[in-house]
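A note on names: the letters A, B, ... follow the listed sequences, proteins ahead of strands, and every chain is numbered from 1.
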Amino acid sequence: MDDPFEIDEFAASPEMRLGDAPAPAYLDNLNAEQRDAVETLDGPLLVLAGAGTGKTRVLTTRLAHLLETKAQTERLHPQQILAVTFTNRAAKEMQERVAHALGRPVEGWWLGTFHSLSARLLRRHAELIGLQSNFTILDSDDQVRLLKQIMDAEQIDPKKWPAKQLMGIIQRWKDKGLTPERVNESVEFANGGAKHLYRIYQERLKVLNACDFGDLLLHCLTLFQQHPEVLRQYQSTFRYILVDEYQDTNVAQYLWLRAMAMVHRNICCVGDDDQAIYSWRGAEVGNILRFESDFPGAKVVRLEQNYRSTPHILAAASKLITFNDGRLGKQLWTEIDTGEKVFVKGVWDGEAEARLVGEDIEALQSRGIGASQMAILVRAGFQTREFEERLITLGIPYRVVGGPRFYERQEIRDALAYIRLVAQPDDSLAFERIVNVPKRGVGKATLQTLHQYSRDQAISLPSAARDLIDTEELKPKMRQAIGGLLGDFKRWREMLAGSSHVEVIETVLDESGYTDMWRTSKEIDAPGRLENLKELVSAIGEFENLTSFLEHVSLVMENEQNDAQEKVTIMTLHAAKGLEFDYVFLPGWEEGVFPHQRAMDESGVKGLEEERRLAYVGITRARKRATILYAANRRIYNQWQSALPSRFVDELPDEHIERISDTGLGGHGGNHSPGAWGSDDWMKMPSWANEGSSNRNPVSGASERKFASSGWQDRVRKNVIDVKPDGETSYSTNSKSSKYKVGDAVRHRKFGPGTVRAVDGNKLEIHFEGVGTKKVVDSFILPG
DNA sequence: TTTGGTGACACAAAG
DNA sequence: TGTCACCAAA
């Protein structure tokens with residue numbers, strides 16, 4: 001039905017016409033020409049749109065127009081439309097929006113992520129590039145495992161070359177659209193060892209009839225290149241192409257799109273260079289900058305009216321992002337004229353931070369505001385824990401988005417391995433995964449024997465096992481264990497002929513002892529795992545065959561609890577892109593956490609600017625209120641570390657923010673001493689953030705070099721974070737001197753008593769008994 | 001040979 | 001806090 005080469009005669013239903021609907025208000029700030037471009041233009045179109053300007057709505061409008069008007073006037077069939085989003089969530093949302101706009105569900109168009117669309121396309125032509133159409137899609141876990149095996153066979157010291165690191169290199173190559181052959185040709189990549197392993201890895205994947213995520217796109221490119229006739233089919237089929245979040249496309253995706261768009265050139269991309277936050281996975285902002293030269297005659301439409309946020313929120317975000325260089329630049333404005341300023345709150349530690357957020361949420365709830373309108377957006381996954389604990393204590397329902405994916409859970413991966421092995425008897429990776437789960441006494445040595453044999457005979461691991469159980473090669477105990485398992489699988493496969501696949505899978509999980517393994521497990525989360533297994537099994541029924549089910553699980557499936565209960569959302573900033581909430585909490589704005597230390601260490605100014613864009617994304621998620629928090633102390637890896645507020649806090653415009661002293665701080669433990677942290681003073685405005693006198697000199701050489709090109713040092717800096725090559729962060733402050741001197745006995749709330757070892761401005765180096773030497777700003781120190 | 005315990009070590013973001 | 005490599009015990 002969804003085959004683009006079998007397009008049925010199509011007539012749009014006459015009762016619904018887009019033209020009858022009132023003009024969408026969000027397109028009002030376009031002039032007639034621009035509006036025409038968005039709605040009807042044929043030819044390349046780039047919509048450069050700031051945060052909250054209704055990018056997605058533009059896409060929806062265009063889609064609705066295509067599906068309604070063009071369907072009639074030009075006999076455009078839905079199957080001739082290709083719409084690409086970055087997440088499955090966005091795809092789903094798009095589907096719903098369009099259905100809503102048209103008043104009827106629309107199906108049959110190619111809507112999805114690059115990965116899911118590529119997988120769909122690839123299954124049709126797998127044989128052309130040496131795969132079978134039921135190839136498995138490996139996740140990163142499998143990839144690393146495979147690489148470890150390869151490195152083992154190649155006798156490479158895993159300490160010198162961690163498999164994960166190699167995986168990263170390969171992934172980046174794939175992001176750039178580089179096959180092993182192309183990597184070899186390019187002089188740019190000098191790393192011979194990695195090239196060699198990449199080649200072997202790709203060969204192994206082919207033997208295993210498997211793809212990794214990157215392959216889905218890469219194989220499409222290879223397919224297009226080697227079989228132009230296939231490409232031509234798709235090129236002529238897709239008359240309209242729409243792409244969301246264009247700023248986050250990587251080179252492979254760019255090539256993929258360009259190939260597809262080559263014939264009709266009706267490509268419409270929507271993006272915002274200020275929201276480019278995926279360069280670490282190969283995204284090229286250059287793609288959006290180059291659009292006009294890639295597609296001559298392209299129209300560019302800018303959307304600058306923001307419909308989402310209050311003016312204060314908008315102004316704070318806009319000001320922050322101006323600290324980046326090389327932007328396309330845009331001036332966002334809004335008609336909204338009321339609203340709170342952005343709150344900036346300093347707290348003592350992570351616990352206080354979570355408590356404060358909890359209190360705010362309770363206060364909002366008591367005003368009758370639903371929890372689903374509130375979100376806590378964190379920089380990194382580990383930050384969610386403290387908030388979860390707090391919200392559990394308070395009994396506030398919440399959900400964590402983008403935690404471990406459903407299919408990445410251990411029990412799901414195990415179950416999937418069983419399913420894979422039933423569907424594909426020669427799946428070596430699946431066999432390896434479950435041969436000893438639950439425990440069957442099959443260990444490393446036995447597996448080693450099997451591997452050896454499978455390599456020598458060039459057959460799959462399960463085949464090797466089948467051969468070896470009839471020989472003397474294995475111990476009788478092993479023979480029995482493995483033989484039993486193989487027999488089981490044979491039986492299950494036969495069962496598939498007579499019963500539904502749901503029944504079969506239930507039987508498999510039961511008879512293999514896998515569910516029993518969790519039932520008897522003492523682990524706390526064992527019941528939850530059993531729940532997940534049940535969910536997995538019930539999902540199988542919705543699919544025609546096991547292959548399509550497996551693909552759905554590894555590419556699409558989300559573990560959303562779909563109860564309608566109002567819940568506070570906790571998620572990472574990356575996951576929050578494209579979403580909006582009335583009330584947004586942005587905790588952890590501390591140097592080293594956000595901006596993340598590694599971003600600065602590894603990518604210098606580029607990394608810092610990406611972090612800043614992330615901050616921009618965070619603030620602009622808020623409709624009514626944004627609350628930024630930073631903690632003076634944070635426990636990381638069981639170690640207390642004092643932290644400085646993020647430089648992004650400094651970069652916010654004073655007139656649009658409200659710094660708030662944490663009243664909960666007093667309750668944290670008595671001793672207020674004037675001038676120390678107990679006073680309002682440092683809360684309102686950290687001492688080093690006051691108007692400093694000079695900032696001309698003592699920026700360290702390293703940081704001066706690093707930030708020279710960013711305009712960083714041109715601004716009035718009071719606090720300079722020194723990004724050192726060894727990854728240690730230090731800071732130097734020159735606007736204030738400390739009231740403490742070397743040798744003073746002092747006390748720190750968490751570290752306890754200590755002695756001042758060195759003084760640098762208001763920065764103290766203190767030796768704490770039993771803790772070690774720490775660098776601390778003096779406002780966090782009490783006199784001993 | 002497998003297993004389970006131990007200590008060292010690193011600890012981002014996602015499809 | 002979780003993972004991984006290594007070692008002692010079964």
Exercise. What nucleic acid atoms does A:Phe382 come within less than 4.0 Å of, heavy atoms only: base, sugar-phosphate, or nothing?
Worked result: nothing
For this session: Starting from C1' on B:dC11, measure out to CZ on A:Arg598 and report it in whole angstrom.
Result: 8 Å
Exercise. B:dC11 P sits how many Å from A:Gln383 CD, rounded?
Worked result: 16 Å
Exercise. Is the phosphate of B:dT1, meaning OP1 or OP2, less than 4.0 Å from a side-chain N or O of A:Thr446?
Worked result: no
Exercise. Does A:Glu389 have any side-chain contact (heavy atoms from CB on, under 4.5 Å) partners at least two apart in sequence or in another chain, and if so, which?
Worked result: A:Arg385
Exercise. Which sits closer to the 5' end of DNA chain B, A:Leu555 or A:Ser603, going by the nucleotide each is nearest to?
Worked result: A:Ser603
For this session: Would you please name every residue forming a side-chain contact (heavy atoms from CB on, under 4.5 Å) with A:Gln95, sequence neighbours left out?
Result: A:Glu107, A:Trp109, A:Leu111
Exercise. When the distance from CG of A:Leu216 to C1' of B:dA14 is rounded to whole Å, what number comes out?
Worked result: 14 Å
Exercise. Could you state the CG-P distance from A:Leu377 to B:dA13, rounded to the nearest angstrom?
Worked result: 14 Å
Exercise. How far apart are the C-alpha atoms of A:Arg613 and A:Asp273, what are their side-chain angles, what is the distance that settles it, and do they pass the salt bridge (Lys or Arg N to Asp or Glu O under 4.0 Å) test?
Worked result: CA-CA 9 Å; A:Arg613 287 194 291 271; A:Asp273 59 311; over 6 Å; no
For this session: Only counting residues at least two apart or in another chain, list the ones meeting ring-ring contact (aromatic ring centres under 6.0 Å, His included) with A:Tyr616.
Result: none
Problem set entry | Listed once per pair and sorted, the ring pair (Phe, Tyr, Trp, His ring centres under 6.0 Å) pairs that draw on residues 430-453 of chain A, sequence neighbours left out | none
For this session: Using heavy atoms and a sub-4.0 Å distance, could you list which residues of residues 269-287 of chain A are near DNA chain B? By number, please.
Result: A:Tyr278, A:Trp280, A:Arg281
Seminar exercise, completed: One should report the stems of DNA chain B, each a stretch of at least three consecutive Watson-Crick or G-U pairs at distances under 3.5 Å, as B:1-10 with C:1-10
Exercise. Residues two or more places apart in sequence or in another chain: which of them pass salt bridge (charged side-chain N to carboxylate O under 4.0 Å, His left out) with A:Asp142?
Worked result: A:Arg145, A:Arg413, A:Arg420
Problem set entry | Candidate nucleotides C:dC4, B:dA12, C:dT1, ranked by approach to the side chain of A:His596 - the nearest | B:dA12
Seminar exercise, completed: Of B:dT2, B:dA13, C:dA5, the nucleotide closest to the side chain of A:Thr572 is B:dA13
For this session: Using salt bridge (charged side-chain N to carboxylate O under 4.0 Å, His left out) as the criterion, list what pairs up with A:Asp274, not counting sequence neighbours.
Result: A:Arg327, A:Lys330
Restricting both atoms to N or O, compile the protein contacts to nucleotides 3-5 of chain B shorter than 3.5 Å, with distance only.
unit_1, atom_1, unit_2, atom_2, d
B:dT3, OP2, A:Asn436, ND2, 3.2

Problem set entry | Partner residues of A:Met517 under the side-chain contact (heavy atoms from CB on, under 4.5 Å) criterion, sequence neighbours left out | A:Val437, A:Pro438, A:Tyr514
Exercise. Of all the choices, B:dT2, C:dT1, B:dA12, which nucleotide is nearest to the side chain of A:Ala445 once you look at every atom?
Worked result: B:dT2
Exercise. Starting at CD of A:Glu602 and ending at C1' of B:dA13, how long is that distance when rounded to a whole Å?
Worked result: 12 Å
For this session: Kindly write out the residues that satisfy side-chain contact (heavy atoms from CB on, under 4.5 Å) with A:Ser548, not counting sequence neighbours, or none if the list is empty.
Result: A:Phe543, A:Asn545
Exercise. Please give, in whole Å, the distance from B:dC11 C1' to A:Arg634 CZ?
Worked result: 15 Å
Problem set entry | Residues which pass salt bridge (charged side-chain N to carboxylate O under 4.0 Å, His left out) with A:Glu602, listed by chain and number, not counting sequence neighbours | A:Arg598
Exercise. How are the rings of A:Phe224 and A:Tyr234 set relative to one another: parallel (under 30°), tilted (30 to 60°) or perpendicular (over 60°)?
Worked result: tilted
